[in-house]
Amino acid sequence: MDKKSEMGKKMMHDLPVEAYTSQEWFDLEMKEIFSKTWQFAGLIEDVQEPGDYISVQAGLNNIFIVKGRDGRLRAFHNMCRHRGTQLLRAVGKGKKAITCPYHDWTYDLEGNLISLPKQKEEFPELKGELHKCGLNLHEASVDIFKGMLFVHPNKNAPSIMEFFGEVEPYLGPHIVEELVEYKEKDETPFYTKEIQANWKIIVENYIDHYHLAHLHEGTLNMYDHAKAEFGWAGPHYWFYEPLIPAYAQDVKNASPQPLIDSVSEDKIGAYVPWLFPNIGITEGESAWNTFHVTPLAPDRTLVVIRSKMMNVSEWEFTKQYTKSSMSKVWQHYGNKGKYDGDPETDPMASGDFMLEDIYACEQQQKSLQSPFFSVGAQAQRGEFAIRKFQSVVKEWIEKHQELK
Amino acid sequence: MFYTLKVTTVKKETSDASTISLEIPQELKKVFEYKPGQYLTLKFSIEDKEVRRSYSLCSAPTLDNVLTIGVKRVKDGLVSNYINDTIKEGDCIEVMPPDGRFFATIQPQNYKTYYLFAAGSGITPIFSILRTVLLTEKHSYVYMIYGNKNEESILFKEALDELQELYNDRFILIHTLSRPKMKWSDLWNSKTDLYRKGRVDEKSIEWFINEYPLYAQNAEYYICGPGSMISNTQQALQNIDVPNDRIYIESFGGNTTAKTIEGYDNAQLKVEIAGKIAAITVPKGKTILRTLIDHKYEPPYSCEGGVCSTCICKLKEGKVHMKNNLVLDEKEIEEGYILSCQSIPISEKLEVVYE
Ligand SMILES: Cc1cc2nc3c(=O)[nH]c(=O)nc-3n(C[C@H](O)[C@H](O)[C@H](O)COP(=O)(O)OP(=O)(O)OC[C@H]3O[C@@H](n4cnc5c(N)ncnc54)[C@H](O)[C@@H]3O)c2cc1C
Ligand code: FES
Ligand code: FES
Ligand SMILES: [Fe+2]
């Protein structure tokens with residue numbers, strides 16, 4: 001990515017267009033960004049009891065998290081030290097030791113190799129205590145930030161607060177640990193969708209203030225976009241906007257779910273930060289969501305949204321829903337499609353802001369290969385975050401390439 | 001190397017403990033820099049005998065500009081009672097610069113959970129760590145359990161209450177009392193449920209860790225207290241798989257192994273010290289260190305309790321019995337290292353080298 005090779009290349013803002021289309025860029029980002037940052041791994045309740053574990057793909061690394069009897073989480077690379085076989089499947093409970101399916105090498109929950117079949121006959125060179133033979137699992141790091149689990153592939157990673165500390169003061173006052181997750185009947189997350197666009201197109205859509213009043217003119221108009229405040233803290237983006245007065249006045253009735261009580265009345269609004277590189281949070285008046293983006297290919301990205309709400313009875317939710325559906329607010333705001341059409345088949349007529357965003361992202365991605373494509377101009381306030389995000393991506397890659 | 005420091009204040013904290021603050025002259029600021037958890041060694045001459053004792057600093061390095069130690073009377077103890085009975089403002093005391101391997105490495109950007117276990121006078125280094133962490137590491141959490149005989153013997157009670165109030169979002173303190181004076185019904189009815197009855201032992205630690213699970217995952221465990229409190233706490237932590245490299249321990253000594261071993265009478269000791277070679281006779285039951293001091297040699301030492309390892313030397317020939325050893329690990333002992341302050345000859349001939 002030296003200056004010379006960049007010259008004459010077609011640019012988005014700070015990144016070349018091919019950063020959104022080429023396999024080469026995708027591989028570079030996998031290696032230099034997604035395998036060298038704290039990566040979202042789930043919510044704290046995913047690993048509750050000693051012996052419970054989850055495994056996650058974090059860039060090029062597959063890492064598992066397991067809770068010890070002391071209540072502390074440990075993280076290891078999910079890879080047998082014999083011939084590399086992945087050890088654990090997605091989630092599980094009650095582990096006391098970890099045995100590789102291939103040749104039964106066994107590790108304890110500290111990652112120490114504790115036994116292997118036919119040690120004396122087949123491995124005469126492995127003498128003395130097994131855990132001192134240099135074949136223990138590779139240790140990784142795990143920590144908790146605002147009720148979320150994060151992993152880092154290095155054992156001595158910089159503290160998670162060194163990474164997120166600067167943006168923390170801009171996040172919502174929500175006490176996430178008190179909320180409970182809303183799941184579908186089959187225990188799957190609130191929302192999962194594969195989108196036909198580069199992951200950065202989706203991030204740029206998420207942090208684009210300019211589009212709110214236009215693409216979402218009939219769906220997100222219960223928030224006061226004119227009063228939005230946003231900026232950067234370290235490599236992270238922060239955003240806040242209040243409710244529009246009509247919604248704010250009646251929010252106790254109009255809110256679709258019970259209001260989150262850790263947010264005081266004067267702090268109600270939408271907090272929508274983007275944590276570098278690939279996790280957004282949407283902290284609203286009645287729901288708290290993680291918006292996790294996983295790049296699958298240069299033009300394919302998986303989005304998984306998990307949603308947490310107040311820990312109150314089903315009955316409270318039903319009561320609130322009834323009050324909300326009677327509120328006048330929703331007669332004017334929040335669910336009208338931008339265009340007329342069949343709401344079942346046309347995203348732009350759906351009245352669903354997610355479908356609107358997906359539509360816009362996929363339509364933009366389609367044009368990137370066109371010989372006639374170029375970015376025409378940039379809104380200086382409403383799109384400032386997009387250029388900034390691209391420069392953070394670029395700096396991060398350059399920094400890690402220089403380190404080599 | 002000892003320096004003479006002046007006592008600025010003496011404060012009686014409880015009926016049997018005082019804090020002593022020492023002034024650090026400008027030119028000694030560097031020499032007396034310390035990490036929270038470390039101790040000072042003080043030298044006195046009592047009844048014509050030179051004695052040294054170590055006392056942990058309870059002051060916090062970046063927050064206080066005096067060095068403060070807290071000294072609790074030990075029954076029939078020579079130095080602890082001498083300090084409590086005679087030391088007053090304006091006195092001068094001989095002090096060695098701070099030392100010790102029991103300390104926390106504090107950094108503002110740390111995001112850690114500190115589990116602190118203290119009992120009795122063991123609060124002193126813990127109090128220093130506690131204050132430094134809370135005031136310097138704004139993201140870190142402290143979970144502390146502190147054992148005492150009763151309400152009145154709690155050292156630093158007021159300051160602890162204050163910290164609890166100020167940092168209630170990231171500091172939890174549980175007091176546990178072995179012989180509380182109040183009726184328990186009174187306590188339960190009053191504002192606080194942060195008192196427990198009992199000692200800092202395996203049971204209370206298991207309860208504590210289950211009740212207060214850690215949030216920041218980089219956890220460290222600091223233990224300081226008398227007698228079996230340390231081994232009980234360590235055992236409780238090992239029972240639930242806390243890795244040893246996360247556990248830090250400070251022992252104040254005093255719990256010498258019960259079994260007494262007959263020393264060899266008039267053992268012949270050859271010693272290499274400060275580049276010189278000497279031959280002396282060790283009376284029955286006397287330590288190598290004390291024998292050398294009696295003969296006007298100046299062997300290095302500070303705690304004289306088998307805790308600090310300042311008096312370490314290498315045994316080249318012969319056999320010794322160590323009354324107490326709280327620092328040397330198996331490997332060091334295999335290599336022949338001994339604590340001379342704890343070593344009684346049990347063979348006729350011996351040879352040691354101070355390296
Ligand atoms: C690193 C270190 C830090 C220390 N920090 C402090 C501190 O902050 N505050 C403090 O008050 N003390 C502290 N001590 C203990 C202190 O150094 C002395 O050991 C203690 O004051 C007793 O000395 P003494 O001369 O009064 O008792 P001695 O005359 O030496 O002993 C009298 C009797 O008491 C027993 N004994 C000795 N020490 C203890 C003890 N600690 N507990 C119970 N019984 C004992 C002896 O076995 C003996 O039977 C620390 C010790 C070390 C090694
Ligand atoms: S690859 Fe795991 S035991 Fe062989
Ligand atoms: S002087 Fe401290 S161990 Fe001997
Ligand atoms: Fe949008």
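Protein chains get the first letters and strands the later ones, always in sequence-line order, with residue 1 at the start of each. No experiment lies behind these values; they were computed from the predicted model shown.
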Below 4.5 Å, heavy atoms only, C-beta onward: do Pro243(B) and Arg74(A) meet side chain to side chain?
-> yes
Heavy atoms from other residues, nucleotides or ligands near CZ of Arg199(B) exceed 12 (cutoff 6.0 Å) = no
Most heavy-atom pairs under 4.5 angstrom with chain A, which of Lys138(B), Arg246(B), Gln107(B)?
-> Arg246(B)
With only heavy atoms counted, which part of Asn210(B) is less than 4.5 Å from chain A, the side chain, the backbone, both or neither?
-> neither
State whether the number of non-hydrogen atoms from other residues, nucleotides or ligands found under 6.0 Å of Glu335(B) atom CD is greater than 12.
-> yes
Residues, nucleotides or ligands: over 12 heavy atoms within 6.0 Å of Glu355(B) CD | yes
For Gln57(A), does the CD atom have more than 12 heavy-atom neighbours from other residues, nucleotides or ligands under 6.0 Å away?
-> yes
When every non-hydrogen atom of Tyr215(B) is compared with those of Gly147(A), the smallest separation belongs to OH-N, 2.8 Å
Kindly compute the distance separating CD1 (Ile240(B)) from CZ (Arg72(A)), expressed to the nearest 0.5 Å.
-> 10.5 Å
Atom of Asp70(A), atom of Asp241(B) and distance for their closest heavy-atom approach = OD2-O, 3.7 Å
Does a sphere of radius 6.0 Å around CD in Glu211(B) hold more than 12 heavy atoms from other residues, nucleotides or ligands, not counting ones at 6.0 Å or beyond?
-> yes
Has Lys331(B) got more than 12 heavy atoms of other residues, nucleotides or ligands less than 6.0 Å from its NZ?
-> no
Where on Tyr221(B) is there a heavy atom nearer than 4.5 Å to chain A: the side chain, the backbone, both, or neither?
-> side chain
Without swapping roles, check the side chain of Gln217(B) against the backbone of Val142(A) for a donor-acceptor pair under 3.5 Å.
-> no
Roughly how far apart are His139(B) NE2 and Glu168(A) CD, rounded to 0.5 Å?
-> 6.0 Å
Value rounded to 0.5 Å, distance of CG in Asp143(A) from OG1 in Thr113(B) = 8.0 Å
